[in-house]
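This report refers to the structure that appears directly beneath it.
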Amino acid sequence: MKIATWNVNSIRTRLEHITEWLQNNSIDVLCLQETKVVDKDFPRSPLEQLGYHIYISGQKSYNGVAILSQTPLQDITTGFSPILGEQPLHSQLDEQKRVITGIINGIRIVNLYVPNGSEVGSEKYEYKLQWLKVLKAYLNSLLPTPMVVCGDFNIAPEDRDIHTPEAYKGRIMASEAERQALQAIKDLGLADVFRKFTTDGGQFSWWDYRAAAFRRNLGWRIDHHYLTADLYEQATACTIDCTPRKLEKPSDHTPVIVTIPPLQS
DNA sequence: ATGGCGTATCCAATACGA
């Protein structure tokens, strides 16, 4: 079973890239971020025609997540509140549509669009750290079900995940507090499955649109799959597909795919 | 230090991303 994550930076603008990519790759579950569209305007039919069931949580202009699955998902919920309870903090964080989850073959898929954070020390940075703290509680509540937690984390876990780490030391997506917040989540029993297969640097999932960053491979690896121990052991591959990033008018991110055995006992 | 590019929106100039 192949589970992919892809920040598409507007699903309406990227629709042809997405349908073409799905036709060329046997993807069972696709987790999308930054769909940037309200639910009533989500382009369902072109994706349903490819056999996908569609689960969405969108908003106008910003954020928005979706799961496409060849098999129907169970227990779909969106946001923190259904799992953590209706508290003011959770409701407030749920105004931005960044979380959707469901179960397939006994595996819980969690699709996340972690806040960007803008700049270290900014209000948005504090929001990001608070959001990550709530995310940890959210994921803890979902355990011990086997999980694939994937999405755009907007954090480079290590220096080898950044093209020029010394230039970004302590900056947004590389700061110590962000990395510690991510580590606290991993300490629940989740592991970055890309690193099971690849220790190299220079492996990225996002490249700035500016300064010909993609052509020069000046990127960051900020799109990840975190797996519970059982699934991590069973995973047979995790690959970054740079093909869509080469197209005309691409997303600034490219898909990352994990392969795990089809059925869980 | 800034902007560099791209997307969305009250379609023009601004917010936001990473």
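Everything quoted here is computed from the prediction, not taken from an experiment. Just the heavy atoms: all of them, side chains too, but no hydrogens, waters or symmetry mates, feed the values below. Within every chain, numbering begins at 1; the chains are lettered A, B, ... in the order of the sequence lines, protein sequences first and strands thereafter.
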What interatomic distance, in whole Å, is found between C1' of B:dT9 and the corresponding atom of B:dG17?
15 Å
Contacts under 3.5 angstrom, residues 180-191 of chain A side chains, donor-acceptor by atom type, not counting sequence neighbours:
residue	atom	partner	partner atom	Å
A:Gln183	NE2	A:Asp187	OD1	2.8

How would you summarise protein contacts on nucleotides 6-18 of chain B per nucleotide, using B for base, S for sugar-phosphate only and - for none, with heavy-atom distances below 4.0 Å?
SSSS------SSB
Whole-angstrom distance between B:dC10 and B:dG6, as gauged at atom P
23 Å
Could you pull out every donor-acceptor pair under 3.5 Å between side chains of residues 136-149 of chain A and any protein atom, sequence neighbours left out?
residue	atom	partner	partner atom	Å
A:Ser141	OG	A:Ala137	O	2.9
A:Thr145	OG1	A:Leu142	O	3.4

With sequence neighbours left out, what residues match A:Asn116 under side-chain contact (heavy atoms from CB on, under 4.5 Å)?
A:Ser118, A:Asn154
Distance-only criterion, 3.5 Å: show the donor-acceptor pairs between side-chain atoms of residues 163-177 of chain A and protein atoms not counting sequence neighbours.
residue	atom	partner	partner atom	Å
A:Ser175	OG	A:Tyr125	OH	2.8
A:Ser175	OG	A:Glu178	N	3.4
A:Ser175	OG	A:Glu178	OE2	2.6

Given the C1' atoms of B:dT7 and B:dA13, what is the spacing between them in whole Å?
14 Å
Separation of A:Arg215 atom CZ from B:dG4 atom P, in whole Å?
18 Å
Parallel, tilted or perpendicular: which one describes the rings of A:Tyr55 and A:His53, with boundaries at 30° and 60°?
parallel
On a whole-Å scale, what distance lies between the P atoms belonging to B:dA1 and B:dA18?
23 Å
Provide the full list of side-chain hydrogen bond (donor to acceptor under 3.5 Å, both in side chains) pairs with a residue in residues 79-93 of chain A, sequence neighbours left out, each pair given once.
A:Ser81-A:Asp94
